[in-house]
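I have placed the structure first, in the form of structure tokens, so that the comments after it can refer back to it.
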Amino acid sequence: GAARMLSELKINYNIVNENMDIDGYKLVVLPDDIVVTDNLNEKLKNFKGAILSCGKAYKEGEVWDFFEGFEDENTDSYYEYNGEVYGGYSVGMKMKSEYSVADYVEPYFKRIFDGVHAYFYNPPKSSKGYSAIAMKGNKAHIAFNAFEGYFAFGAIHIKNLIKDIIAKLLPEPVIMNVDLPSTVRASLMETREGKLLHIKTTVPEHRGDRGIIEEHSILPQGRKIKVSGEYKKCVSLPDMKEIDISFADNYTEINLPEICGYMPFLLTK
């Protein structure tokens with residue numbers, strides 16, 4: 001769920017483990033039920049970047065000193081954010097925090113099966129002083145399993161929530177999406193010649209149990225994407241055709257040509 005969501009948001013990421021160096025990153029994301037070991041906790045104590053965690057992926061102590069966690073016995077969870085109530089589509093934990101930016105909303109009852117009937121929809125009831133999202137400085141925690149909720153139910157509002165939180169934690173991302181659709185993938189890599197921007201437009205179709213790409217999807221000319229930093233030249237590969245770019249506010253904006261399936265671009269200074 002985390003990989004899919006970050007890919008759709010055009011946020012470059014690496015998947016790391018507790019034994020790897022994290023100091024070079026600007027943001028660490030701990031999805032849902034990731035176990036925070038003592039080793040990882042020590043690394044996070046010394047980490048200078050931002051931290052976004054969800055559900056039970058936390059450990060009591062100085063890293064997460066901005067909330068107190070409690071067991072959630074409900075089978076559903078909701079949150080109130082910017083005046084609207086949304087479904088979390090998962091349950092993680094409850095928390096109390098003076099740094100709350102969203103209220104935890106209780107459901108009317110637990111989802112059970114009484115032998116005859118099951119409950120498909122369990123409506124939200126009210127907030128009882130618990131927090132669904134807390135933010136302190138460059139750290140944020142979401143009480144429910146946000147990435148699980150998105151992966152299992154495709155809840156777009158959860159992706160929009162993560163997008164909003166990451167924008168606050170990471171105001172200057174490496175790639176800034178201007179108007180690319182969510183189905184397009186974009187990634188940036190370092191090379192000896194410059195930065196290599198990959199744009200993939202193909203959309204797998206589920207046929208039975210497999211995702212099949214039989215025909216390429218075409219991205220029309222004129223879509224834009226921004227890359228952090230100032231670059232003097234951008235060419236498409238392998239034809240080395242020069243692409244129109246402009247620079248403003250620490251970002252180079254690239255006016256993409258028509259792309260059929262996939263196209264890489266080389267940016268040089």
Side-chain angles (χ1 to χ4, degrees), residues 1-6 8-9 11 27-36 50-61 63-114 116-171 182:
R4 183 174 187 86
M5 187 188 294
L6 294 175
E8 291 175 2
L9 292 173
I11 297 173
L27 171 68
V28 169
V29 178
L30 303 172
D32 304 342
D33 292 326
I34 292 293
V35 176
V36 180
I51 299 172
L52 170 60
S53 50
C54 299
K56 296 179 180 178
Y58 77 101
K59 197 179 189 71
E60 293 184 3
V63 177
W64 290 275
D65 62 354
F66 56 102
F67 68 85
E68 185 179 1
F70 302 89
E71 191 71 27
D72 190 352
E73 296 180 352
N74 289 310
T75 55
D76 299 85
S77 68
Y78 298 85
Y79 63 95
E80 184 175 353
Y81 186 66
N82 292 337
E84 299 287 341
V85 175
Y86 302 92
Y89 288 94
S90 65
V91 175
M93 53 165 281
K94 290 181 178 179
M95 64 180 175
K96 287 184 177 291
S97 175
E98 59 183 281
Y99 300 93
S100 178
V101 296
D103 290 335
Y104 174 99
V105 179
E106 298 268 356
Y108 266 92
F109 42 77
K110 294 180 182 180
R111 190 189 299 268
I112 63 170
F113 179 60
D114 60 10
V116 180
H117 304 95
Y119 303 99
F120 180 77
Y121 177 62
N122 187 354
K125 187 179 181 182
S126 61
S127 173
K128 293 185 177 179
Y130 290 103
S131 172
I133 306 165
M135 294 186 66
K136 179 187 177 185
N138 63 349
K139 293 183 287 188
H141 187 80
I142 302 173
F144 57 94
N145 293 342
F147 297 106
E148 175 191 336
Y150 184 67
F151 183 78
F153 297 95
I156 301 300
H157 60 266
I158 296 179
K159 181 169 71 172
N160 291 334
L161 172 68
I162 297 291
K163 178 182 178 181
D164 192 22
I165 292 175
I166 289 181
K168 295 175 181 177
L169 296 174
L170 197 65
S182 62

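Atom set for the values below is all heavy atoms of this structure, side chains included, hydrogens, waters and symmetry mates excluded.
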Sequence neighbours left out, cut at 3.5 Å: what donor-acceptor pairs do the side chains of residues 100-107 make with other protein atoms?
residue	atom	partner	partner atom	Å
Ser100	OG	Ala102	O	3.1
Ser100	OG	Ser131	OG	2.9
Tyr104	OH	Asp72	OD1	3.1
Tyr104	OH	Asp72	OD2	2.7
Tyr104	OH	Asn74	ND2	3.0
Glu106	OE1	Asn74	ND2	2.7
Glu106	OE2	Lys94	NZ	2.8

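For Phe109, the ring-ring contact (aromatic ring centres under 6.0 Å, His included) partners at least two apart in sequence or on another chain are Tyr119. Residues that satisfy the side-chain hydrogen bond (donor to acceptor under 3.5 Å, both in side chains) test with Lys139, not counting sequence neighbours, are absent from this structure. Looking at residues two or more places apart in sequence or on another chain, you find a ring-ring contact (aromatic ring centres under 6.0 Å, His included) between Tyr79 and Tyr86, Phe144. Residues that satisfy the ring-ring contact (aromatic ring centres under 6.0 Å, His included) test with Phe151, not counting sequence neighbours, are absent from this structure. In this view, Lys136 and Asp65 satisfy the salt bridge (Lys or Arg N to Asp or Glu O under 4.0 Å) rule, not counting sequence neighbours. Checked against side-chain contact (heavy atoms from CB on, under 4.5 Å), Lys125 has the following partners two or more places apart in sequence or in another chain: Tyr108. With sequence neighbours excluded, the residues satisfying side-chain contact (heavy atoms from CB on, under 4.5 Å) with Lys56 are Asp33, Glu71. Checked against salt bridge (Lys or Arg N to Asp or Glu O under 4.0 Å), Glu84 has no partners two or more places apart in sequence or in another chain. Partners of Asp164 by side-chain hydrogen bond (donor to acceptor under 3.5 Å, both in side chains), not counting sequence neighbours, listed by chain and number: Tyr81. For Lys110, there are no side-chain hydrogen bond (donor to acceptor under 3.5 Å, both in side chains) partners at least two apart in sequence or on another chain.
Closest of all the heavy-atom pairs between Phe147 and Cys54 is CE1-SG, 3.7 Å. Between Ile142 and Ile162 the shortest heavy-atom distance is CD1-CD1, 3.5 Å. The two residues Val91 and Asp76 make their nearest non-hydrogen contact at CG2-N, 3.6 Å. Of all the heavy atoms in His141 and Ser53, the pair that sits closest is ND1-OG, 2.6 Å. Of all the heavy atoms in Ile51 and Leu27, the pair that sits closest is N-CD1, 4.1 Å.
The closest donor-acceptor contact from the side chain of His157 to the backbone of Gly87 lies under 3.5 Å.
Here the options are Tyr150, Phe153, Tyr78, the test is side chain to side chain contact (heavy atoms under 4.5 Å, CB included), and the partner is Tyr89; only Phe153 passes.
Expressed to the nearest 0.5 Å, how far CE of Met95 lies from OH of Tyr58 amounts to 9.5 Å. Expressed to the nearest 0.5 Å, how far CG of Leu161 lies from CD1 of Ile166 amounts to 9.5 Å. Within the model, atoms CD1 of Ile158 and CE of Met5 stand 6.5 Å from one another, a figure rounded to the nearest 0.5 Å. The CG atom of Leu52 sits 6.0 Å away from the CD1 atom of Ile165 when rounded to the nearest 0.5 Å. Interatomic distance, CG of Asn145 versus CG of Asp32, reported as 4.0 Å (0.5 Å rounding).
Relative to the ring axis of Tyr130, Lys96 places its NZ or CZ within 45° and under 6.0 Å from the centre.
Applying the salt bridge (Lys or Arg N to Asp or Glu O under 4.0 Å) test to residues at least two apart or on different chains, the pairs with a partner in residues 143-162 are Glu8-Lys159.
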